[in-house]
2 protein chains.
Amino acid sequence: MSRYVYDFHEGGRDLAGLLGGKGANLAEMTRMGLPVPPGFIVSTEACRAFLATGEEPAGLSAEVSRHLSALEASAGRLLGQADDPLLVSVRSGARFSMPGMMETVLDIGLNDDSVLGLAKVSGSERFAWDSYRRLVQMYGSTVMGVDPALFEEAMTLLKEAREAPDDVHLDAGDLAWLVETYKRLIRDETGRDFPQSPAQQLQQAVLAVFGSWNAERARLYRRREHIPDDLGTAVTVQRMVFGNLGADSGSGVAFTRDPATGRPGLYGDYLANAQGEDVVAGVRNAVPLAELERLDPRSYRRLRDHAQTLERHYRDLCDIEFTIERGTLWMLQTRVGKRTAEAAFAIAAELVEEGLISADEALARVGGDGLARLMFPRFDTGATGAPLTHGIPASPGAAVGAAVFDSAEAVRRAAAGERVVLVREETTPDDLPGMVAAQAVLTGRGGKTSHAAVVARGMGKVCVCGAQDITVHPEARRFTTRDGTVVEEGAVLSVDGSTGEVYAGAVATVPSATVRYLETGEQAGSAVSAVARALEHADHVRRLEVRANADNPEDAARARRFGAQGIGLCRTEHMFLGERRKLVEEMILARTDADRERALAALLPLQRRDFTGILEAMDGLPVTIRLLDPPLHEFLPDRMALAVRIATAEATGGRPDAHDVELLDAVNRMHEENPMLGLRGVRLGLVVPGLVAMQVRAIAEAVVERTRAGGAPRAEIMVPLVGAVEELRLARAEVSRVLAEVGEESGVDVRCPIGTMIELPRAALTAGPIAEEAEFFSFGTNDLTQTTWGFSRDDVEAAFFSAYLDKGVFAASPFETLDRAGVGRLVRLAVAEGRAARPGLETGVCGEHGGDPESIHFFHDAGLDYVSCSPFRVPVARLEAGRAALDGVEAGDTR
Amino acid sequence: MSRYVYDFHEGGRDLAGLLGGKGANLAEMTRMGLPVPPGFIVSTEACRAFLATGEEPAGLSAEVSRHLSALEASAGRLLGQADDPLLVSVRSGARFSMPGMMETVLDIGLNDDSVLGLAKVSGSERFAWDSYRRLVQMYGSTVMGVDPALFEEAMTLLKEAREAPDDVHLDAGDLAWLVETYKRLIRDETGRDFPQSPAQQLQQAVLAVFGSWNAERARLYRRREHIPDDLGTAVTVQRMVFGNLGADSGSGVAFTRDPATGRPGLYGDYLANAQGEDVVAGVRNAVPLAELERLDPRSYRRLRDHAQTLERHYRDLCDIEFTIERGTLWMLQTRVGKRTAEAAFAIAAELVEEGLISADEALARVGGDGLARLMFPRFDTGATGAPLTHGIPASPGAAVGAAVFDSAEAVRRAAAGERVVLVREETTPDDLPGMVAAQAVLTGRGGKTSHAAVVARGMGKVCVCGAQDITVHPEARRFTTRDGTVVEEGAVLSVDGSTGEVYAGAVATVPSATVRYLETGEQAGSAVSAVARALEHADHVRRLEVRANADNPEDAARARRFGAQGIGLCRTEHMFLGERRKLVEEMILARTDADRERALAALLPLQRRDFTGILEAMDGLPVTIRLLDPPLHEFLPDRMALAVRIATAEATGGRPDAHDVELLDAVNRMHEENPMLGLRGVRLGLVVPGLVAMQVRAIAEAVVERTRAGGAPRAEIMVPLVGAVEELRLARAEVSRVLAEVGEESGVDVRCPIGTMIELPRAALTAGPIAEEAEFFSFGTNDLTQTTWGFSRDDVEAAFFSAYLDKGVFAASPFETLDRAGVGRLVRLAVAEGRAARPGLETGVCGEHGGDPESIHFFHDAGLDYVSCSPFRVPVARLEAGRAALDGVEAGDTR
């Protein structure tokens with residue numbers, strides 16, 4: 001027969017699975033000799049047995065009785081004993097913290113008799129009746145299923161009758177009347193009486209807590225947090241202690257260090273003459289713990305000693321709940337405490353200095369998400385009012401600037417020294433100059449991987465996107481919110497990319513000391529030096545290389561300062577925009593080979609200049625250049641705008657612009673239903689004559705130029721969107737031909753690795769043959785996610801991802817965190833079969849996932865050689881690559 | 001040391017890999033005792049050795065000499081012997097026939113001396129000099145690499161000088177002059193002389209034939225036909241015999257049966273006083289073989305006997321090349337002969353009757369492509385002129401009708417009894433009524449899997465699509481071709497869906513007797529009864545079930561007549577068009593829950609009626625109904641058309657239609673960049689309240705209605721586009737809820753299997769967990785191909801598939817024949833992991849591939865339970881499913 005119940009002195013923190021987090025830590029403190037009110041734990045195993053059958057597990061009742069007897073013996077009184085009742089609390093406590101999700105019943109043991117006894121021994125009738133009132137109310141709703149609103153209603157009616165502003169103003173008589181009213185309410189609603197038997201109260205309360213595991217809100221919470229549904233909760237039964245028995249009593253919460261900054265020293269709040277619930281609920285204003293030192297120096301010293309004991313024992317910041325009952329300190333809960341990112345780094349570094357943990361452990365306890373938070377400027381806490389609107393927090397940080405509604409205006413104002421926020425319904429590559437010029441980007445449409453979001457994150461620029469209740473009127477140079485507020489061009493906005501909130505007016509910001517360190521090496525403050533030490537250690541232990549995605553010399557240089565070991569993805573499509581759009585248009589519209597060749601020839605020197613600059617910034621490090629990827633019609637004007645313009649001209653009797661007509665004809669011819677799956681990538685290279693040759697020549701000539709200038713250029717050429725080895729074979733032949741040509745012309749060795757993106761399921765599924773033609777694989781996990789799931793990220797995120805997250809279809813967007821079961825399976829397969837075909841095949845990832853902490857751990861585990869991410873994520877990736885190398889080291893749940 | 005050379009009497013037909021097809025069959029005939037001019041074969045192994053090193057393999061020369069000596073001994077004269085030269089031919093002969101792709105050199109052994117001897121022994125100076133002229137010309141271009149145009153030029157100049165219309169009019173002196181001219185030409189071009197040594201001629205000719213394996217045209221041919229590049233060719237060296245030595249000589253080709261109809265009896269052509277090349281080239285008109293019986297009854301009888309011997313030996317139709325040299329019959333080639341589809345069925349059936357082959361072998365020798373050809377009406381051969389235009393042959397058959405340019409006109413004219421051809425730039429679901437009404441569909445855009453093509457094939461309707469040189473002007477009711485021809489509405493067109501050609505005017509057609517048989521059971525003619533017997537045997541041996549894709553009772557009934565064992569895919573989106581579009585629009589535009597519920601409630605009875613009719617037509621057989629799949633905006637009007645209409649109204653000072661404005665707003669809101677990867681399939685079901693419930697209720701109520709009417713409805717419900725098991729779990733819960741509801745209301749058991757499409761790579765990759773929620777898998781190989789390859793079929797086929805086929809990226813469009821390496825790997829994986837998770841899981845395929853012969857063999861091999869295809873492909877699928885069950889039975893290359 002199973003054993004279901006454990007005394008506090010039998011357990012320990014390593015039994016959280018069986019005893020729940022709360023129970024295990026109470027047992028741990030008991031074993032450490034700290035003053036914990038005695039009690040016992042009904043295990044999660046009992047819960048699971050109950051949930052499986054709907055019946056109380058056989059023998060549980062007897063076990064509980066046995067442990068209760070021991071408790072009664074140690075207390076010297078019986079549960080609900082009429083003259084001096086032992087009271088107990090019954091609390092849920094699952095393996096993973098689920099705050100507020102499950103039930104608690106306090107003051108079990110009170111009944112019509114023992115309430116009188118309690119009044120007598122406590123010397124407070126009001127206290128006794130209030131405790132009884134709470135029990136009946138909690139028990140009635142939790143165990144007996146009465147609608148809690150009915151109790152509230154009765155309470156409200158009574159307060160109105162007594163003209164009492166709150167329940168503190170009700171006296172013992174009022175509360176006794178309320179107990180009667182509640183009991184009648186229970187009888188009317190359920191047909192049963194509130195049980196007077198303390199044993200029955202206890203038994204039913206335990207089962208009710210078990211049952212609350214499956215309450216709707218708990219299920220929803222678990223689905224979102226991806227906590228398995230079959231764990232069950234433990235139940236802690238503990239002797240009640242009371243902090244509300246007078247001025248020599250009280251309750252408080254404490255942290256062993258400041259959880260906001262990591263500064264050492266006891267930190268927390270204390271509320272005299274109150275229960276723990278009152279502190280949490282904020283009924284009265286709590287005072288800083290220092291005050292306790294004045295009020296009750298003995299208890300304070302004890303608390304401080306216990307805190308130190310706990311921190312040394314847990315080797316980490318702990319949070320503590322305690323109660324002082326008539327001068328006696330009781331420890332009611334502890335656990336490793338939550339903390340800010342800043343504190344996480346500072347504490348980890350300090351614990352290493354104090355010799356409590358190793359550098360590996362310290363690294364395991366900090367995280368990339370936290371580091372990212374430290375890299376953005378922040379709004380000054382408390383300086384904000386109600387937001388004007390809010391959207392999806394797409395690229396974190398805080399920015400203030402004047403609203404502008406097009407790229408040109410953004411550039412103009414920025415050139416004049418003004419800070420601006422670019423507001424668009426959605427952005428396109430044409431908005432790039434404006435995005436570069438702006439402090440922040442705000443869009444009305446699109447999700448976390450919309451153009452605005454991806455580009456902004458790449459630039460380390462603040463972005464809030466998909467703010468659905470704004471409507472942008474660029475022609476009128478304003479936007480409106482759903483509640484009718486109008487924001488005109490030039491109005492100042494404050495955009496918080498970490499929360500998604502947007503404020504009218506300027507909110508004060510604080511710049512990031514971490515970025516200053518990364519840019520200059522200056523270590524201002526203990527948190528920054530802690531970050532520096534964590535990064536150093538991560539670089540020391542990591543196996544994964546970290547490269548950056550960068551398309552221009554400035555980004556490349558910044559990435560290098562931030563620690564990038566090369567460029568993993570240099571996109572070339574951004575190089576076809578702006579002033580060059582005209583040439584690209586000519587190339588596309590060319591009616592003869594000669595016209596096309598002329599346009600390509602004009603693009604060649606411009607492309608060469610691009611590559612020369614990037615190779616210079618990354619001199620000596622690899623620069624992986626991707627040949628042109630997007631469909632060509634992306635470089636032409638919008639089809640609908642052209643059609644409307646022509647129709648308008650025709651309707652008003654004028655002649656439409658001839659160039660417009662020619663363009664519309666071309667756009668119509670090239671229009672694609674699903675451009676994502678159309679004529680792009682290597683397909684383009686195979687059907688547009690001269691395109692690949694021009695790009696490869698530009699690369700090769702840039703290599704010649706840099707070599708002659710004494711540099712060490714390390715270009716690598718990457719062919720996108722390969723699905724069949726034959727495509728790569730054909731493209732590779734063309735690339736090699738042009739390299740050989742330039743090599744011969746120049747006498748410089750311009751040979752370089754030629755590889756491919758793995759971004760289609762078929763590429764992964766035929767990775768073996770493809771590896772025979774590829775010197776490296778770069779996993780394009782954005783596109784691979786799109787095709788593996790059949791998701792167009794431009795469309796689906798806003799349309800149904802929030803519903804999917806709510807319904808638990810996935811725990812995180814697969815565009816943010818790599819989907820291991822689907823996309824990850826393809827990655828592993830391609831790595832294995834690619835390496836089998838070509839030992840030493842270099843493999844990396846250049847999708848957005850390359851900068852995502854959880855995904856980086858997967859890439860480490862999958863055996864990739866490097867991750868590549870946007871320059872601003874490079875430090876994050878370095879840190880997480882280091883942490884990934886330590887996977888398995890005890891980290892605790894501290895982030 | 002390898003052995004490279006084999007005498008004819010050493011080989012046999014089973015050595016085609018080593019000796020090439022031609023050589024192996026010559027050896028076979030030699031062993032059978034048929035009169036074959038003696039010779040030997042240099043093996044493909046020698047070719048491979050030569051190609052690998054570029055050198056003549058060691059020992060080859062000695063081996064050739066030895067075999068040549070034997071040949072000389074048997075002939076009683078030496079190669080090139082001055083007074084009576086032995087002459088030989090040197091011909092290529094690969095394992096797989098590559099007609100005209102590689103080189104041949106005839107008349108080897110002639111030189112300045114032996115030409116005189118040949119003139120003497122043959123009694124014809126002209127014959128001797130013409131033979132020498134041919135040798136120098138062929139040797140000069142093939143072996144010595146002289147541009148063949150130079151020889152042609154010299155010949156043309158001479159003919160002009162002699163005023164000779166062709167070379168037959170040149171005399172011996174002319175030809176002797178030409179030989180000198182050619183030899184000088186060779187010397188001028190190569191710096192070397194035409195070799196006078198017969199042995200050197202032979203050696204060099206053999207190596208030149210080897211080298212021709214890698215000629216550009218041969219490589220291209222192999223890439224297209226997917227013949228491996230490393231097989232190499234064999235070379236046949238054979239004593240020359242001459243059919244051009246007078247009236248008692250001649251050459252011919254013969255078939256052992258009529259290859260057009262399969263009728264028994266010798267069939268072929270004969271040309272007196274001619275070489276084989278002359279018959280093939282059609283220099284003079286050949287006469288039917290019957291004429292030979294009159295001219296040379298002894299040779300004719302011998303030929304007839306040899307033909308019978310060969311047919312009994314090969315147990316199949318053979319084709320034969322023969323030459324009669326001064327009354328002596330020589331067999332020069334044989335192989336299993338090509339034949340029409342009709343003949344293939346007829347011959348296979350007759351050979352079974354004659355006891356030569358088994359029913360299994362007969363089935364292995366016919367094919368689904370042939371059966372499909374027999375199912376379409378045909379244009380009367382020879383009745384056609386030059387086509388007006390041509391496009392992609394998308395749905396075979398022949399149709400004649402008046403050109404119409406919109407669906408309404410098609411319906412109107414068809415209702416009035418007129419036959420029409422619907423001509424559109426491209427079709428949309430709104431054209432369906434017009435497509436139903438039309439005899440054929442012609443489009444200017446789109447490939448074999450465009451909407452027009454897919455729907456037309458499903459209907460068995462003729463379709464030519466992507467006729468790129470026409471421009472359709474629907475508003476002007478005409479189309480123009482690139483050469484300026486204008487075709488007005490009402491003009492009669494003849495559309496050949498088998499060739500892609502479109503003719504002006506009415507070309508006579510012949511209806512399909514095979515379809516009449518399938519519809520009525522009537523077996524008119526031997527080919528039709530042969531088809532009937534093949535289908536019966538296929539049904540007997542096949543393991544795969546065959547179901548049909550059908551969305552309405554008429555298609556379902558036809559599919560059943562054609563032998564379908566149920567419906568594998570009943571799409572429901574076609575049920576939302578036409579008059580119902582208004583209701584769908586209301587559902588989409590609904591501003592309140594009540595509005596939406598009202599629209600859904602109005603759709604319910606209409607949907608129920610659809611399902612009742614289909615379940616009735618398929619009573620007792622499974623009907624797999626797919627819940628709504630396409631994005632909802634597909635049911636709204638075109639975005640650009642709306643925008644232009646509104647802009648036009650505004651530009652002319654009018655007020656745009658309010659409904660237009662509302663619609664444009666909705667269309668804009670719902671617009672998707674890549675609708676294929678957007679809000680569709682199960683995603684729609686999870687976010688549009690009430691949609692799934694309405695459809696499931698309609699299905700369940702239809703089941704109730706049919707059950708009460710005494711039927712045996714077998715509905716199965718299929719959830720589309722599942723990528724994660726959680727999606728299916730949620731959808732399944734909703735489906736089950738509604739089924740239970742209707743079951744309770746009606747008292748009828750409406751429970752039915754609930755399954756899913758596997759049409760996303762992720763679904764295949766997580767098939768194990770998905771199978772736990774699915775009672776069946778139906779592979780949607782169209783979408784699975786799109787996502788696995790990243791191909792939008794609407795876009796990519798026309799854009800670059802023909803280039804990809806040319807470049808050998810794939811041998812067939814992956815939308816026509818399943819891509820085994822990519823998509824097929826996912827199918828196998830999903831079947832294996834799905835069945836492991838749920839033993840007995842039913843698996844089928846409902847993509848277009850379900851009707852493709854080659855793909856059906858894969859599905860059989862992958863262990864699927866059924867294929868489902870359009871009604872017209874059902875007989876094809878039955879046949880191929882039978883053939884697949886026999887894979888491994890010797891079939892020959894007869895289709």
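Each chain gets a letter, A, B and so on, in the order its sequence line appears, and its residues count up from 1.
A side-chain donor-acceptor contact under 3.5 Å links A:R732 to the backbone of A:E773.
The most heavy-atom pairs under 4.5 Å with chain A, out of B:G678, B:A649, B:A764, B:P769, come from B:G678. The most heavy-atom pairs under 4.5 Å with chain A, out of B:G723, B:A821, B:A799, come from B:A821. Here B:N674 is the residue among B:L760, B:N674, B:L826, B:T648 with the most heavy-atom pairs under 4.5 Å with chain A. Contacts with chain A were tallied for B:R762, B:E726, B:E759; B:R762 has the most, counting heavy-atom pairs under 4.5 Å. Contact count against chain A (heavy-atom pairs under 4.5 Å) is highest for B:A651 among B:G653, B:A763, B:A651. Annotation: maximal heavy-atom pairing with chain A below 4.5 Å, among B:D795, B:L765, B:V809, occurs at B:D795.
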Open item on the list: Run the side chain to side chain contact (heavy atoms under 4.5 Å, CB included) test on A:I646 and B:V644 for me, step by step, so that the C-alpha distance in whole Å, both residues' side-chain angles and the decisive distance to 0.1 Å come before the verdict.
Closed with: CA-CA 9 Å; A:I646 291 171; B:V644 166; over 6 Å; no
Open item on the list: Using side chain to side chain contact (heavy atoms under 4.5 Å, CB included), reason through A:E672 and B:S792 one step at a time and then give a plain yes or no.
Closed with: CA-CA 9 Å; A:E672 295 184 312; B:S792 162; over 6 Å; no
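Using a 4.5 Å heavy-atom threshold, the side chains of A:P630 and A:R680 count as separate. Side-chain contact check for A:V823 versus A:W789: some heavy-atom pair is nearer than 4.5 Å. Side-chain atoms of B:R639 and B:L664, non-hydrogen and from C-beta on, do get closer than 4.5 Å to each other.
Using a 4.5 Å cut-off between heavy atoms, A:Y804 contacts chain B through its side chain alone, with no backbone atom that close. Looking at A:A803, only its side chain comes within 4.5 Å of chain B, counting heavy atoms on both sides. Neither the backbone nor the side chain of A:L721 comes within less than 4.5 Å of any heavy atom in chain B. The contact between A:R683 and chain B is made by backbone and side chain atoms together, counting heavy-atom distances below 4.5 Å. Within the 4.5 angstrom heavy-atom criterion, atoms from both the backbone and the side chain of A:L686 approach chain B. The part of A:V796 that comes within reach of chain B is its side chain, from C-beta onward, which places non-hydrogen atoms under 4.5 angstrom from that chain.
The side chain to side chain donor-acceptor pair (under 3.5 Å) search around B:Q786 returns B:D783, not counting sequence neighbours.
The pair B:E734-A:K807 does not count as a salt bridge, with every side-chain nitrogen at least 4.0 angstrom from each carboxylate oxygen.
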